[in-house]
Peer 1: 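Here you go, one structure.
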Amino acid sequence: MTESREDAQAPLPKAEFAFPGPLRDQLVAAILDGTKTSTTGLVADYEHAGDPLPVVGERAVVDSDDRPVAVIEVTDVRVVALADVDLAHAVDEGEGYETVAQWRAVHEGFWHGAEMRAAVGDPEFTVDDATQCVLERFRLVADLRESRPTRK
């Protein structure tokens with residue numbers, strides 16, 4: 001079964017990966033080419049923003065530079081301590097991680113950056129082994145850049 005372009009563009013929440021700029025562009029490209037099928041958020045970020053955690057079956061429009069480029073559907077959500085993030089999740093983020101240590105170093109750099117600290121309203125924000133992470137898996141439902149939808 002395929003999605004019609006109209007169904008894929010029905011009003012959906014916006015999924016934004018990272019902050020606007022080169023990293024977001026890289027992540028969106030990885031979603032579109034199928035290498036990125038998971039992502040990680042922080043419970044603290046969801047709580048600070050007042051946003052609910054993702055729910056299996058929920059769909060969202062992936063955005064790049066305020067343009068809808070794809071529709072994704074959440075297939076799994078887990079909340080785990082940072083120390084419990086597994087290699088399969090890290091690899092499926094599609095950024096070339098070969099170890100959880102590589103994944104963690106890059107993510108800690110992002111989470112300890114000025115943009116994230118501003119987003120959570122804490123200039124001293126840090127993560128540790130006990131920090132609660134939202135591990136989300138998703139699938140590409142439709143590529144909105146093309147005239148033909150992606151198959152389910």
Side-chain angles (χ1 to χ4, degrees), residues 3 8 11-145 150-152:
E3 293 275 328
L12 295 171
K14 189 188 299 186
E16 296 176 317
F17 292 80
F19 295 103
L23 179 57
R24 177 177 288 173
D25 294 340
Q26 174 191 340
L27 298 176
V28 168
I31 291 167
L32 292 168
D33 74 17
T35 58
K36 182 171 183 62
T37 59
S38 72
T39 194
T40 308
L42 297 177
V43 170
D45 189 25
Y46 282 93
E47 288 174 347
H48 182 76
D51 293 334
L53 296 182
V55 176
V56 172
E58 182 176 73
R59 290 185 175 190
V61 174
V62 175
D63 178 70
S64 182
D65 196 28
D66 215 21
R67 291 176 292 117
V69 294
V71 174
I72 58 172
E73 180 178 54
V74 176
T75 60
D76 187 51
V77 178
R78 294 183 295 148
V79 176
V80 303
L82 180 56
D84 295 330
V85 174
D86 58 89
L87 181 59
H89 179 82
V91 169
D92 290 345
E93 283 211 4
E95 297 174 62
Y97 305 119
E98 295 179 1
T99 67
V100 173
Q102 287 175 329
W103 171 90
R104 183 165 171 167
V106 170
H107 280 72
E108 283 187 9
F110 176 79
W111 292 327
H112 294 160
E115 287 178 302
M116 178 55 81
R117 287 177 169 169
V120 297
D122 180 356
E124 306 282 322
F125 180 78
T126 60
V127 298
D128 60 30
D129 282 350
T131 300
Q132 294 294 289
C133 297
V134 180
L135 308 185
E136 183 178 350
R137 291 191 168 278
F138 54 85
R139 69 182 184 91
L140 179 63
V141 174
D143 184 335
L144 301 178
R145 302 169 307 156
T150 302
R151 292 195 177 273
K152 277 191 168 180

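Keep in mind the model is a prediction, meaning the values are calculated, not measured.
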Peer 1: Please list every donor-acceptor pair under 3.5 Å in which a side-chain atom of residues 105-113 meets a protein atom from a residue at least two apart or in another chain.
Peer 2:
residue: H107; atom: ND1; partner: W103; partner atom: O; Å: 2.9
residue: H107; atom: ND1; partner: W103; partner atom: NE1; Å: 3.3
residue: H107; atom: NE2; partner: E93; partner atom: OE1; Å: 2.9
residue: H107; atom: NE2; partner: W103; partner atom: NE1; Å: 3.3
residue: E108; atom: OE2; partner: R104; partner atom: NE; Å: 2.5
residue: E108; atom: OE2; partner: R104; partner atom: NH2; Å: 3.2
residue: H112; atom: ND1; partner: E108; partner atom: O; Å: 3.4
residue: H112; atom: NE2; partner: V127; partner atom: N; Å: 3.0

Peer 1: Side-chain atoms of residues 41-57: list all donor-acceptor pairs with protein atoms under 3.5 Å, sequence neighbours left out, distances to 0.1 Å.
Peer 2:
residue: H48; atom: ND1; partner: V120; partner atom: O; Å: 3.2
residue: H48; atom: NE2; partner: A119; partner atom: O; Å: 3.3

Peer 1: Checking the side chain of E73 only, and the main-chain atoms of V71 only, is there a donor and an acceptor separated by less than 3.5 Å?
Peer 2: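 Pair absent, no side-chain N/O of E73 close to backbone of V71.
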
Peer 1: Rounded to the nearest 0.5 Å, what separation is found between the CG atom of D143 and the CD1 atom of I31?
Peer 2: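 Reported to 0.5 Å precision, the distance equals 11.0 Å.
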
Peer 1: Hey, mind stepping through R78 and D86 against salt bridge (charged side-chain N to carboxylate O under 4.0 Å, His left out) and telling me if it holds?
Peer 2: CA-CA 11 Å; R78 294 183 295 148; D86 58 89; 2.7 Å; yes

Peer 1: For the atom pair CG (L135) and CG (D92), what is the distance rounded to the nearest 0.5 Å?
Peer 2: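 One gets 11.0 Å once the value is rounded to the nearest 0.5 Å.
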
Peer 1: Can any side-chain N or O of R24 pair as donor or acceptor with the backbone N or O of F17 at less than 3.5 Å?
Peer 2: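 Flag set: sc R24 to bb F17 pair under 3.5 Å.
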
Peer 1: Rounded at 0.5 Å granularity, tell me how far CD in E95 sits from CD in Q102.
Peer 2: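 Interatomic distance, E95 CD to Q102 CD, rounded to 0.5 Å: 11.0 Å.
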
Peer 1: Once you round to the nearest 0.5 Å, how far does CG of L32 lie from CG of L27?
Peer 2: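 The CG atom of L32 sits 11.0 Å away from the CG atom of L27.
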
Peer 1: If you take all heavy atoms of A15 and A60, which pair is closest and at what distance?
Peer 2: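 Nearest pair, atom of A15 first, then A60: CB-CB, 3.7 Å.
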
Peer 1: Any chance you could measure T131, atom OG1, to F125, atom CZ, to the nearest 0.5 Å?
Peer 2: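 Here the rounded value is 6.0 Å.
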
Peer 1: Check whether K36 reaches the backbone of S38 with its side chain - one donor and one acceptor, N or O, closer than 3.5 Å.
Peer 2: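 At least one qualifying donor-acceptor pair exists.
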
Peer 1: D76 and side chain to side chain contact (heavy atoms under 4.5 Å, CB included): which single residue from R137, R139, H89, E136 fits?
Peer 2: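 Only match with D76 under side chain to side chain contact (heavy atoms under 4.5 Å, CB included): R137.
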
Peer 1: Before you tell me yes or no, could you show the steps for R59 and L12 under side chain to side chain contact (heavy atoms under 4.5 Å, CB included), namely the whole-Å CA-CA distance, both residues' side-chain angles and the distance that decides it to 0.1 Å?
Peer 2: CA-CA 7 Å; R59 290 185 175 190; L12 295 171; 4.1 Å; yes

Peer 1: To the nearest 0.5 Å, what is the distance between CZ (R117) and CD (E124)?
Peer 2: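 If we round to the nearest 0.5 Å, R117:CZ and E124:CD are 6.5 Å apart.
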
Peer 1: Would a 4.5 Å heavy-atom cut-off, applied to side chains only, mark V77 and V134 as touching?
Peer 2: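 In short, these two side chains touch, coming nearer than 4.5 Å.
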
